[in-house]
Amino acid sequence: MQDIEIDVLIIGAGPSGCVAAAYLHNKEANIKVIEKSEFPRFVIGESLLPRCMDHFEEVGLLDTIKEYGFEIKSGARFIREDTFCEFDFSKKHTEGYNWTWQVPRADFDLLLTDKLKEKGVDIAFGHEVVDVEFEKNGISKTTVKTKTKEQYVIKAKYIIDSSGFGRVLPRLLDLDKPSKIPKHSSIFTHVEDIHRPEGREGTLITFDVIDKDCWLWVIPFSNGKTSIGYVCKNEVLDNFEGNATKKLQSMLKLSKYYHERFKDVDFLFEPIIIKNYSKSVKKLFGKGFALTGNSAEFLDPVFSSGVTFATESGLLAAKLIVKELNNEAVDWQKKYADYIVEGTTVFSSYVKEWYTGNLQTVFFEGTNNPEIKKQICAVLAGYVWDKTNPFVKNHDRLIGTVAHVIRLENSQEVAKYQKSFFLK
């Protein structure tokens with residue numbers, strides 16, 4: 001193959017790469033997308049958040065997604081034993097979309113890339129980055145290997161790394177660093193949901209909390225299939241015997257609510273196990289490149305933030321590159337890194353407080369306050385940059401404070417009950 005020279009090389013054709021490519025193509029930049037996999041391909045990250053709807057709309061992909069008929073996601077439900085906590089995206093603090101989708105990513109990602117190819121975007125599947133060199137001015141020379149083992153070089157003014165869990169530039173440039181999120185494992189698969197209840201119950205995305213560190217996700221799709229998976233501490237998963245299928249079959253017995261629904265269904269593929277999935281990087285950009293989505297940082301699947309951060313960062317990186325292509329000065333630290341870190345830090349607080357138990361206390365014992373629930377709901381919808389929301393502005397301390405007050409009030413109620421009982 002011949003070497004090529006372009007404005008922007010995008011590594012990865014997932015939602016982040018597609019949103020970035022759509023924006024750049026609309027602005028008439030000379031781009032190429034390379035993707036190591038062949039589509040359709042399975043990937044995790046099937047629950048979207050309302051915030052990403054803004055991104056798909058801005059780059060002209062929203063109508064294409066609407067036409068497909070994915071399962072509507074209007075909120076999220078959390079269960080702990082016999083207690084239910086449900087968030088309705090139409091009842092949130094921040095203005096914005098009140099719904100989104102639950103999507104099989106093989107279908108979703110293929111839909112996006114097909115639309116981009118229809119628009120004339122150059123996407124090469126089965127092409128793998130094997131090396132990259134940067135000049136002092138940011139110009140890059142990326143060596144790419146095709147599925148037939150041919151190699152060619154792409155010279156680009158910018159690289160957007162949207163390679164997700166492949167983390168191409170973090171690996172090649174030694175940018176990985178340990179995440180501050182607690183270490184957990186995930187095991188998951190898809191099932192033919194033959195016992196799915198009729199009506200709304202059968203469509204709800206649900207997180208069934210087994211204990212503070214272990215929970216089950218259930219994500220129904222419009223095609224009759226459902227994604228199921230557990231998240232737990234590494235040692236918990238290791239304690240279940242057998243291969244991945246036997247482990248997940250045994251773990252499904254932990255769910256009082258869902259065991260009957262899934263106890264005798266066949267797994268559509270051998271369950272996949274990912275250990276220590278949370279990732280981070282030393283920096284989000286450099287001269288001539290930007291990291292987006294999971295190639296930059298992956299938090300935890302409990303609040304489905306992955307695709308939203310992917311599209312947020314992909315779109316923002318594309319916008320800033322267009323400015324520089326038009327000879328405008330861009331402060332990448334302030335306009336990109338600081339902004340993205342601000343959002344991931346908010347969500348990180350929620351993930352960490354989920355595993356301390358504080359957020360679970362708020363969910364299951366303290367969501368009677370409608371204003372607090374609306375404010376938390378806005379965060380769960382992905383609006384983590386809205387500082388008019390106290391649960392965004394004071395994310396680092398408010399969850400713990402509210403949980404402490406709830407526990408104090410509950411202990412006082414127990415004390416009152418005990419006193420009245422003994423006085424009888």
Side-chain angles (χ1 to χ4, degrees), residues 1-25 28-45 61 64 103-135 138-176 190 268-270 272 274 279 286 288-296 298 310 314 317-318 321:
M1 292 187 66
Q2 289 187 335
D3 296 348
I4 61 174
E5 188 170 342
I6 56 176
D7 291 327
V8 187
L9 167 63
I10 300 171
I11 305 173
S16 178
C18 283
V19 166
Y23 184 86
L24 289 163
H25 180 73
E28 300 183 343
N30 183 13
I31 67 173
K32 185 178 181 68
V33 182
I34 58 170
E35 167 60 52
K36 181 180 178 181
S37 305
E38 296 285 350
F39 280 20
R41 56 89 166 92
F42 173 82
V43 68
I44 202 64
L61 292 172
T64 297
V103 299
R105 283 287 301 279
D107 300 338
F108 184 74
D109 292 7
L110 180 62
L111 178 70
L112 297 182
T113 53
D114 280 351
K115 186 61 178 180
L116 290 182
K117 287 191 294 183
E118 180 186 309
K119 290 185 172 192
V121 176
D122 181 4
I123 304 178
F125 294 100
H127 288 215
E128 178 185 1
V129 172
V130 294
D131 189 39
V132 62
E133 295 178 359
F134 285 91
E135 299 174 4
I139 299 294
S140 58
K141 292 182 179 179
T142 302
T143 304
V144 179
K145 181 175 67 176
T146 72
K147 54 189 173 185
T148 58
K149 308 301 182 183
E150 295 178 90
Q151 290 192 357
Y152 64 100
V153 173
I154 301 175
K155 185 176 181 180
K157 297 174 184 175
Y158 299 92
I159 295 177
I160 295 178
D161 184 355
S162 299
S163 58
F165 288 112
R167 302 175 68 78
V168 171
L169 290 188
R171 287 189 293 106
L172 293 176
L173 303 180
D174 189 28
L175 298 178
D176 278 315
H190 287 178
L268 295 178
F269 52 84
E270 177 80 3
I272 296 170
I274 301 177
K279 303 292 183 182
F289 72 87
L291 309 180
T292 73
N294 292 344
S295 64
F298 180 73
I321 286 172

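Index from 1, following the sequence.
Atoms CD1 and CD1, on I11 and I154 in that order, are 8.5 Å from each other to the nearest 0.5 Å. For the atom pair CG of D7 and CG of L9, the computed distance is 11.5 Å after rounding to the nearest 0.5 Å. In this structure, D176 CG and L169 CG are separated by 11.0 Å, a value rounded to the nearest 0.5 Å. Atom CD of Q2 and atom CD of E150 lie 11.5 Å apart (nearest 0.5 Å). In this structure, the separation between NZ on K117 and CG on L110 is 7.0 Å, given to the nearest 0.5 Å. Here CD1 of I160 is found 10.5 Å from CG of L291. Values are rounded to the nearest 0.5 Å.
Shown here is K147, whose NZ atom has no more than 12 heavy atoms of other residues, nucleotides or ligands within 6.0 Å. Surrounding CD of Q151 are more than 12 heavy atoms belonging to other residues, nucleotides or ligands, all under 6.0 Å away.
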Worked verdict on Y158 versus L24 for side-chain contact (heavy atoms from CB on, under 4.5 Å) | CA-CA 12 Å; Y158 299 92; L24 289 163; over 6 Å; no
Determine, step by step, whether I123 and F39 satisfy the side-chain contact (heavy atoms from CB on, under 4.5 Å) criterion, reporting the C-alpha distance in whole Å, the side-chain angles of both residues, the deciding distance to 0.1 Å, and the verdict.
-> CA-CA 11 Å; I123 304 178; F39 280 20; over 6 Å; no
Are F289 and D161 close enough, and set up right, to give a side-chain contact (heavy atoms from CB on, under 4.5 Å), and what steps lead you there?
-> CA-CA 7 Å; F289 72 87; D161 184 355; over 6 Å; no
Yes or no on side-chain contact (heavy atoms from CB on, under 4.5 Å) for K157 and I139, after CA distance, side-chain angles and deciding distance?
-> CA-CA 5 Å; K157 297 174 184 175; I139 299 294; 3.9 Å; yes
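No donor-acceptor pair closer than 3.5 Å links the side chain of H25 to the backbone N or O of L116. Without hydrogens or angle criteria, S140 side chain to T142 main chain gives no donor-acceptor distance under 3.5 Å. Formation of a donor-acceptor pair under 3.5 Å by the S163 side chain with backbone atoms of V168 is found in this model. Judged by distance alone, with hydrogens and angles left aside, the side-chain atoms of R105 form no donor-acceptor pair with the main-chain N or O of V43 at under 3.5 Å.
Using a 4.5 Å heavy-atom cutoff, the side chains of N294 and R167 are not in contact. Counting only heavy atoms from C-beta outward, the side chains of P15 and D109 approach each other to under 4.5 Å.
Residues F134 and G288 approach most closely at CE2-O, 3.8 Å, considering heavy atoms. Of all non-hydrogen atoms in L61 and C18, the two that sit nearest each other are CD1-O, 4.3 Å. Here the shortest heavy-atom pairing between I10 and A20 reads CD1-C, 4.1 Å. Nearest approach of S16 to A310, heavy atoms of both residues: OG-O, 3.0 Å. Summarising the geometry of V130 relative to V144, their closest heavy-atom pair is CG2-N, 4.5 Å, with the distance given to 0.1 Å. Here the shortest heavy-atom pairing between E38 and R41 reads O-CB, 3.4 Å.
Ion pairing between a basic and an acidic side chain is recognised when a charged N comes within 4.0 Å of a carboxylate O; D3 and K141 show no such pairing.
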For residues 28-35, dump all side-chain donor-acceptor pairs below 3.5 Å to protein atoms at least two apart in sequence or in another chain.
from : atom 1 : to   : atom 2 : distance (Å)
K32  : NZ     : D122 : OD1    : 3.2
K32  : NZ     : D122 : OD2    : 3.0
E35  : OE1    : A13  : N      : 2.8
E35  : OE2    : S37  : N      : 3.0
E35  : OE2    : S37  : OG     : 3.3

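Ring pair H127/Y152 is perpendicular by interplanar angle, where above 60° counts as perpendicular and below 30° as parallel.
Take H190 and apply the ring pair (Phe, Tyr, Trp, His ring centres under 6.0 Å) test, not counting sequence neighbours, and it matches F42, F221, F269.
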